[in-house]
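The block underneath contains the structure these notes are about, expressed in structure tokens.
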There are 2 protein chains.
Amino acid sequence: MSKQAMAKAVQQRTLKTRAKLLDAAQAVISESGYEAMRVEEVVLRAGVAKGTFFAHFKDKDALMDQLIGAEIDRQLDIIEALPAPKTISEMSEAMMPLITFMTCERYVFDVILRHSGAAANAEIGPIAMTFGRHAEVVTKWLWDQPFRKDISAELQAEGVQAFMVQAISLMFCSLHNSVAPRERLETYLRAWLTPAP
Amino acid sequence: MSKQAMAKAVQQRTLKTRAKLLDAAQAVISESGYEAMRVEEVVLRAGVAKGTFFAHFKDKDALMDQLIGAEIDRQLDIIEALPAPKTISEMSEAMMPLITFMTCERYVFDVILRHSGAAANAEIGPIAMTFGRHAEVVTKWLWDQPFRKDISAELQAEGVQAFMVQAISLMFCSLHNSVAPRERLETYLRAWLTPAP
DNA sequence: CATTTAAATTGACCATGGTCAATATTGGAG
DNA sequence: CTCCAATATTGACCATGGTCAATTTAAATG
């Protein structure tokens, strides 16, 4: 035995099957949206049995975690390429593409919330990772040019995240959806990042 | 026709059936927790058919909304009876019972998040109402003795809520669950309510 | 009291996510 | 090349939330 303990590596077909499933899922989503995605439909298009799906993903949510996480990562790539915002307005502007995706469907936002604090112990999923990455990006912004100096850039970044979630939550709330999300976010950020007691 | 247009009022049995369902559900939850609740089990104990359940509640989530909302209201009753906190520490202390309930099960917190921004238009559910009420309570606290004066008490209260949710979210996250939730919340609240740039 | 009609209840049925014992395939060892 | 064990795949089956046409019941009316 050469590979000792870890036995055989993953087989070729495993990767192929996984790719087929991901492609099929992405296709369904492109056509009908995230919420409308059915496992049945995905395995049908991928040409595999239902059981195979669950051999590759713990459950439907795990697939969503991966697909939505990947999309958020794409948005973060864009955000990261931007120059560090110098004003609150620029910062909220920079965050809008991400927010737009997160609010494309109520279901998507629910999945994101459900995974943002990684559920199980020691099991950090793709979406949870993107939250970590997002915090890092914002921290970097604030590092160069902090808006306030009484607290760390990390803490400021955590607050920015909390307010982003809050602003999005209220978008979906009929009590508060009269105020535009971008405006609301800016109000929060101004109060958080440039206080003047 | 005397009652014109609104026809007959709700029948007695309607209230009885609803009460039986709520009691049965509460009993199941007391024994096994929220996540373990099954509609099947509830209708069995209530002695009604499955269809009756859905004649009284739009779906399982609606029942959860009501039960969890009622429990949050009970916690808010307690909180409201307290004297207004004078320090950040007292404030976080006052909020702990509510947070304890919200974190009794991951499932409970998920339901709360899902309903905190009322889903459908013009359909404000019990949990969404409690968020409104909670904001009012906190606003009242800050009204008498505001920690900072550059922003309104209402805005401060919204921030308190955002940070409460954030602190709870991170409790469930394996990356961050090393820090005690109460400590984390106090760090947030101090930075939010007593900034010193 | 008989009649009537809106409202409440029923339960067979469906939709869909998820399981698992059986089977098939892969890739290395001899 | 053949055989073996680890791995991947299968699909019948289950669990559970949710639907709806048919039926039963409440209570107002004459």
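Per chain, numbering begins at 1; letters A, B, ... match sequence-line order.
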**Prompt:** Can we say Asp110(B) and Arg106(B) salt-bridge, meaning some charged N sits less than 4.0 Å from an Asp/Glu carboxylate O?
**Reply:** yes
**Request:** Look at Arg182(A) together with Glu186(A) and state whether they make a salt bridge at an N to O cut-off of under 4.0 Å.
**Result:** yes
**Nearest heavy-atom neighbours spanning Val165(B) and Phe109(B)** = O-CZ, 4.0 Å
**Complete:** Heavy-atom nearest pair, Glu90(A) first then Ala84(A), reads OE1-O, 4.5 Å
**Message:** When you measure from the centre of the six-membered ring of Phe57(A), is the NZ or CZ of Arg18(A) closer than 6.0 Å and no more than 45° off the axis?
**Reply:** yes
**Asked** Does a sphere of radius 6.0 Å around CD in Glu40(A) hold more than 12 heavy atoms from other residues, nucleotides or ligands, not counting ones at 6.0 Å or beyond?
**Response** no
Side-chain donor-acceptor pairs of residues 22-33 of chain B under 3.5 Å, sequence neighbours excluded:
unit_1	atom_1	unit_2	atom_2	d
Ser30(B)	OG	Gln26(B)	O	2.9
Glu31(B)	OE1	Arg45(B)	NH2	3.0
Glu31(B)	OE2	Arg45(B)	NH1	3.0

**Asked** Short question: side chain of Trp192(A), backbone of Phe163(A) - any donor-acceptor pair under 3.5 Å?
**Response** no
**Asked** Given dA8(C), is OP1 or OP2 found less than 4.0 Å from the side-chain N or O atoms of His56(B)?
**Response** no
**Complete:** Numerically ordered, the residues 13-26 of chain B set in heavy-atom contact under 4.0 Å with DNA chain C is Arg13(B), Thr14(B), Thr17(B)
**Complete:** Once base and sugar-phosphate atoms are separated, protein heavy atoms under 4.0 Å mark nucleotides 11-21 of chain C, 5' to 3', with B, S and - as B----SBBBB-
